[in-house]
Amino acid sequence: MSYVIPPPARIAVQVAEGNDLFPVRRVYCVGRNYADHAAEMGADTREPPFFFSKPADALVPGGGDVAYPTLTGKLQHEVELVVALAAGGAGIPAARALDCVYGYAVGVDLTRRDLQQVAKDKGHPWDMAKGFDQSAPIGTIHPVAAVGHPARGAIWLTVNGQARQTGDLEQMAWKVGEVIANLSTYVALAPGDLIFTGTPAGVSTVLRGDLLVAGVAGVGELTVRLV
Ligand code: MN
């Protein structure tokens, strides 16, 4: 048997310090996971986590130039710690969830905030607000063997050199193990899955030409220019 069209390219993210690649299956995101960002979005800060997805080919491995998307006048950044899974399953106990993690990266969840607001108001899906082309820049993946499981330390983002988001991983309402465990009650997770774990306060609107630099202590930095 042969394919009727050329098969789509395998999506992969480079692993830090080497030439190895992490092959991507699915990309999940936590809707809100830092109390101060939930507050700035006008939401209850003690709700259980909720999830949405981005297509794997929305990733922009290594960052760099990202095309300013169509159909928005309010593109916003969300810097996030990204978890890369080497193992999965359904109903993963929180106590064993961290054993599933291969490593961690810095990611930016780019969001058409105006379309998201319309979707919220109308009860429509978020897909076109969250899962558009190039909506998920991601840095290199740092293996647990090298960086452990980051649970505290700075998570930040600057725009044109000015601080916009400044938080700490310890502000996460649902910790990485809890996020994995909870998500695995909805879907069976598998090797190759990525999870964007939410963003601290300070999300702001960016324009074509802006330079975004995002970082997480111990997990490196990621640079994106909107073109
Ligand atoms: Mn997000």
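Counting starts at 1 for both ligands and their atoms, in listed order.
A salt bridge between D193 and R25 is present, with a side-chain N of the basic residue lying under 4.0 Å from a carboxylate O of the acidic one. The residues D168 and R152 are annotated as not salt-bridged, no charged nitrogen and carboxylate oxygen being separated by less than 4.0 angstrom.
Minimum-distance N/O/S atom of D109 relative to the Mn ion (ligand 1): OD2. E80 contributes OE2 as its N, O or S atom closest to the Mn ion (ligand 1). Atom OE1 is the N/O/S atom of E78 found closest to the Mn ion (ligand 1).
Between F52 and W126, the angle of the ring planes lies from 30° to 60°, which puts this pair in the tilted group.
With a 6.0 Å cutoff to the six-membered ring centre and a 45° limit on the axis angle, R32 does not count as a cation-pi contact of F50.
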